[in-house]
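Heads up: the structure comes next, in structure tokens.
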Amino acid sequence: MPQLEASTEIDFYSAHYQDAYSRINAIVIEGEQEAFENYQSLAVMLPDSKDQLLGLAKMESRHRKGFEACGRNLKVTPDMEFAQQFFSRLHQNFQAASAENKVVTCLLIQSLIIECFAIAAYNIYIPVADDFARKITEGVVKDEYSHLNFGEEWLKANFEAAKAELETANRQNLPLVWQMLNQVEDDAHTLGMEKDALVEDFMIQYGEALSNIGFTTRDIMRMSAYGLSAA
Ligand code: PL3
Ligand code: FE2
Ligand code: FE2
């Protein structure tokens with residue numbers, strides 16, 4: 001019911017919607033492209049999981065193509081320069097960690113933070129998307145859970161050794177997520193997505209992931225809201 005209501009109210013071809021979509025669509029395309037590259041780097045860092053990680057990378061490049069088609073379908077040109085800027089700090093942090101072979105930090109950035117961000121965004125987008133984008137996004141979000149699961153399983157199996165690095169990486173990277181959300185708040189609103197819902201959904205996904213890995217409720221409370229009040 002609410003789905004139908006939302007999609008009949010939104011004019012996907014208004015100048016206002018299309019302008020916002022040019023940035024949000026670009027963010028998602030860039031995010032999928034960076035995810036593709038990040039899983040390829042992880043495949044080098046974790047040779048035992050190489051085939052599985054290359055499989056995840058392949059899924060990310062399919063996701064990128066799907067979202068490119070969503071933009072074309074609405075006749076929107078994605079603002080890729082904006083999107084690269086949007087991801088630059090998270091991108092730099094991943095690059096720096098990968099150069100030092102810090103696999104725990106790389107997994108936290110890609111498989112926990114970015115995947116939880118994507119899952120929250122896609123779940124909230126689905127009910128307000130146009131029919132074409134909804135079908136694409138529904139397929140994509142299923143895959144994202146399996147990417148999150150890869151990170152959870154690996155970090156759970158290495159929890160004691162990874163714990164301190166996870167805490168540091170969380171402190172360095174989680175505040176960036178809140179800043180990124182602030183940057184897209186207005187455009188997301190134009191697409192029918194509310195910032196509060198995005199924050200809530202992200203915190204639920206991320207908190208559940210930390211719990212599956214082995215953190216206590218107390219740790220999770222502290223870690224999952226880190227930097228939120230300053231945002
Ligand atoms: C990894 O598989 C995917 C990485 C993509 C990250 C996307 C973050 C999106 C944040 C922007 C909020 C609006 C979402 C709109 C959905 C089409
Ligand atoms: Fe993806
Ligand atoms: Fe993913």
Side-chain angles (χ1 to χ4, degrees), residues 6 10 12 17 20-42 52-71 73-74 76 78-80 82-91 94 106-107 109-130 132-152 173 176-202 205-206 209:
I10 295 172
F12 302 110
Y17 189 95
Y21 206 82
S22 71
R23 285 178 294 276
I24 300 276
N25 183 231
I27 285 172
V28 173
I29 292 168
E30 177 66 21
E32 297 292 356
Q33 174 61 26
E34 295 202 12
F36 165 74
E37 292 164 16
N38 291 349
Y39 284 115
Q40 285 191 322
S41 306
L42 280 161
Q52 199 183 347
L53 285 161
L54 292 178
L56 302 192
K58 209 172 255 172
M59 290 157 102
E60 302 296 17
S61 77
R62 267 205 312 275
H63 296 170
R64 176 179 53 78
K65 290 185 186 122
F67 287 122
E68 284 170 348
C70 294
N73 179 57
L74 291 183
V76 166
D79 183 346
M80 297 312 297
F82 172 84
Q84 277 170 17
Q85 193 61 38
F86 179 82
F87 276 105
S88 59
R89 292 183 62 196
L90 215 45
H91 177 83
F94 186 96
C106 289
L107 281 173
I109 293 174
Q110 176 57 47
S111 298
L112 303 188
I113 288 187
I114 296 180
E115 301 294 356
C116 286
F117 196 19
I119 289 169
Y122 297 165
N123 277 332
I124 287 166
Y125 176 58
I126 285 168
V128 293
D130 64 88
F132 182 85
R134 182 183 314 124
K135 285 194 194 80
I136 301 267
T137 310
E138 280 169 349
V140 168
V141 77
K142 284 195 196 100
D143 289 345
E144 308 302 9
Y145 285 104
S146 73
H147 303 175
L148 170 59
N149 187 256
F150 177 88
E152 286 175 357
N173 293 285
L176 301 179
V177 171
W178 309 130
Q179 290 164 22
M180 290 160 86
L181 263 178
N182 285 341
Q183 272 184 61
V184 285
E185 180 177 3
D186 291 346
D187 288 333
H189 179 80
T190 301
L191 268 53
M193 307 163 69
E194 296 310 322
K195 183 189 165 194
D196 287 355
L198 287 163
V199 170
E200 187 179 306
D201 219 76
F202 176 85
Q205 298 298 335
Y206 193 61

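Note that this is a predicted model, so its numbers are computed, not measured. As the structure lists them, so they are numbered: ligands from 1, and atoms in each ligand from 1.
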note = Near the Fe ion (ligand 3) (protein N/O/S, cut-off 2.8 Å, waters excluded) we have Glu60 OE2, Glu115 OE1, Glu115 OE2, Glu144 OE1, His147 ND1
message = Which residues pass the ring pair (Phe, Tyr, Trp, His ring centres under 6.0 Å) test with His63, not counting sequence neighbours?
response = His147
Listed partners of Tyr17 passing ring pair (Phe, Tyr, Trp, His ring centres under 6.0 Å), at least two apart = Phe12, Tyr21
Less than 4.5 Å apart, side chain to side chain, heavy atoms only: is that true for [X] and [Y]?
X      : Y      : answer
Glu60  : Glu144 : yes
Asn173 : Phe94  : no
Ile29  : Asn25  : yes

message = Run the side-chain hydrogen bond (donor to acceptor under 3.5 Å, both in side chains) test on Gln33 and Glu37 for me, step by step, so that the C-alpha distance in whole Å, both residues' side-chain angles and the decisive distance to 0.1 Å come before the verdict.
response = CA-CA 6 Å; Gln33 174 61 26; Glu37 292 164 16; 2.7 Å; yes
Identify the protein atoms, limited to N or O, that lie within less than 3.5 Å of an N or O atom of ligand 1, and list each pair with its distance to 0.1 Å.
unit_1, atom_1, unit_2, atom_2, d
ligand 1, 2 (O), Glu32, OE1, 3.2
ligand 1, 2 (O), Glu60, OE1, 2.9
ligand 1, 2 (O), Glu60, OE2, 3.0
ligand 1, 2 (O), Glu115, OE1, 3.2
ligand 1, 2 (O), Glu144, OE1, 2.8
ligand 1, 2 (O), Glu144, OE2, 2.9

request  = Decide if the gap between the ring center of Tyr122 and the ring center of Phe67 is smaller than 6.0 angstrom.
outcome  = yes
remark   = Smallest heavy-atom separation, Leu198 atom then Ala120 atom, equals O-CB, 3.9 Å
request  = May I ask you to decide whether Glu68 forms a salt bridge with Arg64, counting only side-chain N to carboxylate O separations under 4.0 Å?
outcome  = yes
